[in-house]
Amino acid sequence: MAEQTALPESTGTPGAIAAGPPGPAAEIRPDKPDAAVVRDALGVGIAVGLSGFAFGVTSAGSGLSLLQTCVLSLLVFTGASQFALVGALAAGGNPYTAAAGAFFLGVRNAFYGLRLSQLLALPRAVRPFAAHWVIDETTAVTLPQPTRRAARIGFTVTGLTLYVLWNLTTLVGALGAEALGDTDAWGLDAASPAVFLALLAPMLKSTTERVTAGLAVLLALALLPVLPAGVPVLLSALAAPVVLFLMGRTKRGPGTEKGSATQRKKGERLS
């Protein structure tokens, strides 16, 4: 019998799962047909997979060989990190700095893996292979699914489609880079970030998430002219603790301080 394990109720954060089992009154989302999951997964996999052509062209235009370009897509397989690496190299950045920036940008996939491991509950023998497909797009398709079966289908179809197409189009892009001439004039390096933003935008549901994203963009743009390539993206992550700190200050406003003072006075009278 097909497994139809319902995922626990969301806690308000996109993709978050409640710590305990849902109570009797918890709302369980209805099952989603397998065909609908496959359709959504194929749509994302094909749309993003085709942008591998842009990476192939950009990488070849940055001076990487055909073999280096293809190995990056086969083994790294995280578009934003790949674009960051070749972009930093093309800007004349130090190879070690470029690699470090790409590495830290790819660390986000480890946090995706923590969430997806709970949702998918894959056998131990499969997890090392599935880990290679833990990226932005597979996470975006997997998290909203209402059942474990749907989550597994979404993850598998998205990962397989994207991996095959990304590597094929990377090869085609690297081979056709010479025919395109000046790759910068085409603006193909913006294709992958644009797709990523299109996937990310619907997940920014709360004001806090939107403010954090906006501040991160402003930080990256402000630091771009004065710091080496790849570093502004890393430092834009500071937007999250800044927003959380300001939110904490707002919640601990004058009203809170007055309440605390009143409680202290009551305690002094009682003593």
- Sub-3.5 Å donor-acceptor pair from the side chain of Ser117 to the main-chain atoms of Leu114, do we have one? yes

- Aromatic plane relationship, Phe155 with Trp133 - under 30° parallel, 30 to 60° tilted, over 60° perpendicular: tilted

- Atom pair CG (Leu89) and CD (Gln68), whose distance is rounded to the nearest 0.5 Å: 9.5 Å

- Query: Any side-chain heavy atom of Leu219 within less than 4.5 Å of one from Val242?
  - Reply: no

- Query: Looking at residues at least two apart in the chain, or sitting in another chain, which of them share a side chain to side chain donor-acceptor pair (under 3.5 Å) with Ser59?
  - Reply: Thr69

- Could you tell me whether the side chain of Leu64 reaches within less than 4.5 Å of the side chain of Leu72, counting heavy atoms only? yes

- Query: Is there a donor-acceptor pair closer than 3.5 Å between any side-chain N or O of Thr58 and the backbone N or O of Val86?
  - Reply: no

- Item | Any Val157 side-chain heavy atom under 4.5 Å of Val37 side chain | no

- Item | Leu74 with Leu168, same ILVMFWY side-chain cluster at under 4.5 Å | yes

- Measuring from Glu137:CD to Leu162:CG, what's the distance to the nearest 0.5 Å? 5.5 Å

- Rounded to the nearest 0.5 Å, how far apart are OG1 of Thr139 and CZ of Phe111? 13.0 Å

- Query: Is it true that a side-chain atom of Gln82 and a backbone atom of Thr78 form a donor plus acceptor pair closer than 3.5 Å?
  - Reply: yes

- Item | Hydrophobic cluster of Leu221, others only, ordered by chain and residue number, side-chain cut-off 4.5 Å | Val217

- Message: With heavy-atom distances below 4.5 Å as the criterion, would you say the side chains of Leu244 and Thr212 are in contact?
- Response: no

- Within a strict 4.5 Å, meaning less than it, do heavy atoms of the Leu119 and Arg152 side chains meet? no

- Correct closest heavy-atom pair for Gly154 and Ala41 would be O-CB, 3.8 Å

- Do Leu165 and Leu75 share a hydrophobic cluster (ILVMFWY, side-chain heavy atoms under 4.5 Å, transitive)? no

- Query: So, does Ser51 use its side chain to make a donor-acceptor pair with the main chain of Val48 at under 3.5 Å?
  - Reply: yes

- Message: Given 3.5 Å as the limit, does a donor-acceptor pair link the side chain of Gln145 with the main chain of Thr142, or not?
- Response: no

- Message: Can you confirm whether Val211 sits close enough to Thr208 that some side-chain heavy atom of one is under 4.5 Å from a side-chain heavy atom of the other?
- Response: no

Pair up each side-chain donor or acceptor in residues 100-107 with any protein partner under 3.5 Å, not counting sequence neighbours, and list the distances.
none

- Query: Just wondering, do Leu120 and Arg148 contact through their side chains at under 4.5 Å, heavy atoms?
  - Reply: no

- Phe77 and His132 aromatic ring geometry - parallel, tilted or perpendicular at 30°/60° bounds: tilted

- Check whether Tyr112 and Val141 end up in the same hydrophobic cluster, where Ile, Leu, Val, Met, Phe, Trp and Tyr are linked by side-chain heavy atoms less than 4.5 Å apart. yes

- Derivation and outcome, side-chain contact (heavy atoms from CB on, under 4.5 Å), residues Leu66 and Leu171: CA-CA 8 Å; Leu66 176 64; Leu171 174 62; 3.8 Å; yes

- Task: Assess the side chains of Ser73 and Trp166: does a donor N or O sit below 3.5 Å from an acceptor N or O?
- Result: yes

- Working to the nearest 0.5 Å, report the span between CG of Leu175 and SG of Cys70. 7.0 Å

- State the CZ-OG1 distance between Phe53 and Thr169, to the nearest 0.5 angstrom. 8.5 Å

- Of all the heavy-atom pairs spanning Ala140 and Pro144, show the shortest one and how long it is. O-CD, 3.1 Å

- Note on the structure: Distance col, row Ile135:CD1 vs Leu116:CG, nearest 0.5 angstrom, shows 10.5 Å

- Has the side chain of Thr156 got a donor or acceptor atom that lies under 3.5 Å from a matching backbone atom of Ile153? no

- Item | Val134-Tyr163 co-clustered via ILVMFWY side chain contacts under 4.5 Å | yes

- Task: Please tell me if the side chains of Ser81 and Arg108 come closer than 4.5 Å, counting only heavy atoms from C-beta onward.
- Result: yes

